[in-house]
Amino acid sequence: MVKDVITGAISLLKGMGVTIKAFFSPVVTVQYPKETINITPRFRGHTKLVADDENPDRTRCIVCGMCERNCPSNSIQVIGEKKEGEKKKTLTKYILNFTTCSQCGLCVESCPTDALAFSADYNPAAFNKDAFYYDLLAEFEKRKNR
């Protein structure tokens, strides 16, 4: 009985030691709306279109559809048209259904022109699922015009 009391007291002192040590250690909490966390470079948010090196106003996408075919969850829809006077197709819509995306990265890996990359958007939040249907071409145009 005395042995159990001594063992319990030692256990209590060890637990209080851990608590006191944590009390005096630096704070790791981030005050979210005012502060944001630093995202690691390898973070995988939803995909985004990458600008062409030669013409930064255009994307690298050649509308080949490899990303659409390789997506295991059928989350990607690539729409393009051949405009008059141009040799290649032009991307008109790139829809990403983020509600079904598994973020496997097969679309980024399979792109022959490296037109896709992962974004640093770590906090997508909305009240309806329609907000998670991203038109990546429209988002590219917004980034371009900033």
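Keep in mind that the numbers below use all heavy atoms, side chains included, and drop hydrogens, waters and symmetry copies.
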(Q) Over 60° means perpendicular and under 30° means parallel, so tell me whether Y122 and F43 are parallel, tilted or perpendicular. (A)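 Taking F43 first and then Y122, their aromatic rings stand perpendicular (interplane angle over 60°).
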
Q: Look at the aromatic rings of F98 and H46 and report parallel, tilted or perpendicular, splitting at 30° and 60°.
A: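 Ring orientation of F98 relative to H46: perpendicular.
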
Q. For E35, does the CD atom sit with more than 12 other heavy atoms under 6.0 Å from it, leaving out its own atoms?
A.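 More than 12 heavy atoms, drawn from other residues, nucleotides or ligands, come within 6.0 Å of this atom.
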
Q: Step through the shown structure and confirm whether more than 12 heavy atoms of other residues, nucleotides or ligands are within 6.0 Å of CG on N38.
A: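 No.
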
What are the two closest heavy atoms between [X] and [Y], and how far apart are they?
| X | Y | value |
| --- | --- | --- |
| A115 | C61 | CB-N, 3.5 Å |
| C107 | C67 | CB-CB, 3.7 Å |
| N70 | L106 | O-CD1, 3.8 Å |
| V78 | I76 | CG2-CG2, 3.8 Å |
| F118 | K48 | O-CE, 3.9 Å |

Output yes when a side-chain donor or acceptor of [X] lies under 3.5 Å from a complementary backbone atom of [Y], and no otherwise.
| X | Y | value |
| --- | --- | --- |
| R60 | D52 | no |
| T92 | I79 | yes |
| S11 | T7 | no |

Q) With a 4.5 Å heavy-atom cut-off, do V108 and T47 have their side chains touching? A)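 Touching, per the 4.5 Å side-chain cut-off.
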
Q. Side chains of D114 and V50: does their closest heavy-atom pair fall under 4.5 Å?
A.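 Result no, sub-4.5 Å side-chain heavy-atom pair not found.
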
